[in-house]
Amino acid sequence: MPLPAHAAPPHLPQDWRAVGRELLLQPPELVAPALLGKLLARQAAAGWLAGRVVEVEAYLGPHITATPDPAAHSFRGITDRNRVMFGPAGHAYVYFIYGMHFCANVTCEPEGLAGCILLRALEPVLGTDAMAANRGLTPAANPAAIASGPGKLCRALGIDRASHNGLDLVAGDGELRLLEDAFQPGEIAVGRRIGIRHAADLPLRFWLSGNPCVSRA
DNA sequence: CTGTGGATTTGCT
DNA sequence: GCAAATCCACAGG
């Protein structure tokens with residue numbers, strides 16, 4: 001029997017492939033711009049939700065002494081919260097902030113090094129109506145309002161720490177995945193990271209130039 | 001358009 | 001105790 005017209009797509013497009021883990025073994029300032037244009041997807045009860053990554057920030061591990069990054073959660077070493085950052089590349093580091101919001105990161109560099117990439121904004125691609133509903137918006141909402149910020153992104157995809165922290169994003173069989181298709185990013189812009197006090201001058205925020213789904217247009 | 005306060009976890013001082 | 005990798009509602013000009 002036919003699916004109702006409003007049902008979320010049950011499958012991922014066939015040409016979407018898991019991002020290779022070797023890409024993520026590099027330092028975060030190289031991985032971050034390389035993640036622009038990739039896809040973050042989550043399998044929800046009603047089907048897959050996905051968005052294209054349009055804005056990211058790099059956070060440097062404490063082994064980098066030439067340009068210390070006290071804004072990184074890993075700066076003072078391992079804790080219960082940041083443990084996954086020190087683990088293998090390609091896993092999700094999800095944390096709770098300001099008593100209200102979750103933020104999602106991709107770990108990078110070999111095990112023992114704590115580089116990671118904060119995913120700051122997505123352009124909705126799959127299950128857009130369901131993503132809007134997760135944010136309390138109607139299907140008619142501006143797509144640029146759905147996941148244009150790190151907290152919004154997690155809410156739109158239904159990502160939380162209890163369910164998703166530590167999951168492998170590139171094993172190819174998870175509920176939460178980092179994927180790629182044939183999309184070729186255009187111009188990439190670089191600037192200062194948002195919302196931090198220390199090391200605010202480091203050019204570690206990257207976004208797709210002119211994309212309306214970036215958190216500050 | 002700008003500014004402010006509230007939601008309430010985590011980890012350092 | 002307090003500030004933080006945030007967002008939204010609402011007040012005021």
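Residue numbers start from 1 in every chain, and the chains themselves are labelled A, B, ... in the order their sequence lines are given, proteins ahead of strands. Bear in mind the structure is a predicted one, so any value in this text is a computation, not a measurement.
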Among the nucleotides dA5(C), dC7(C), dT13(B), whichever has the atom closest to the side chain of P150(A) is dC7(C)

The residue, R161(A) or M100(A), whose nearest nucleotide of DNA chain B is more 5′ is M100(A)

Between D80(A) and G99(A), whichever has its closest DNA chain B nucleotide further toward 5' is G99(A)

Of dG11(B), dA5(C), dC7(C), the nucleotide closest to the side chain of K152(A) is dC7(C)

Against the side chain of Y59(A), the closest entry in dA5(C), dT6(C), dC8(C) is dA5(C)

_Between dC8(C) and dT10(B), how far apart are the two C1' atoms, rounded to whole Å?_
22 Å

D69(A) atom CG is separated from dA4(C) atom P, nearest whole Å, by 15 Å

Of dT9(B), dT6(C), dC12(B), the nucleotide closest to the side chain of T79(A) is dC12(B)

Between CZ of R155(A) and C1' of dC7(C) the distance, given in whole Å, is 10 Å

Rounded to whole Å, CZ of F96(A) lies from C1' of dA7(B) at a distance of 8 Å

- So does Y95(A) reach the base of dA5(C) with its side chain, donor to acceptor, closer than 3.5 Å? yes

Rounded to whole Å, CZ of R83(A) lies from C1' of dG11(B) at a distance of 14 Å

From the list F96(A), Y59(A), Y95(A), ring-ring contact (aromatic ring centres under 6.0 Å, His included) with H73(A) holds only for Y95(A)

Out of dC7(C), dA4(C), dG11(B), minimum distance to the side chain of Y98(A) belongs to dA4(C)

Ranking dT6(C), dT9(B), dA3(C) by distance to the side chain of R197(A), first place goes to dA3(C)

Out of dT6(C), dC8(C), dG11(B), minimum distance to the side chain of R81(A) belongs to dG11(B)

dT8(B) -> Watson-Crick or G-U wobble partner, both distances under 3.5 Å, gives none

**Item:** D201(A)/R193(A) ion pair, N-O < 4.0 Å
**Value:** no

Taking only Lys NZ, Arg NE, NH1 and NH2, and the carboxylate oxygens of Asp or Glu, determine whether D181(A) and R52(A) approach each other closer than 4.0 Å.
yes

Regarding R120(A), tell me which of base, sugar-phosphate or nothing describes its non-hydrogen contacts under 4.0 Å with the strands shown.
sugar-phosphate

Applying a 4.0 Å non-hydrogen cut-off, can you work out what R193(A) is touching in the nucleic acid: base, sugar-phosphate, or nothing?
nothing

Thinking salt bridges, do D168(A) and R21(A) make one under a 4.0 Å N-O criterion?
-> yes

Q) Does the distance from a Lys or Arg side-chain N to an Asp or Glu carboxylate O, for R17(A) and E180(A), drop under 4.0 Å? A) no

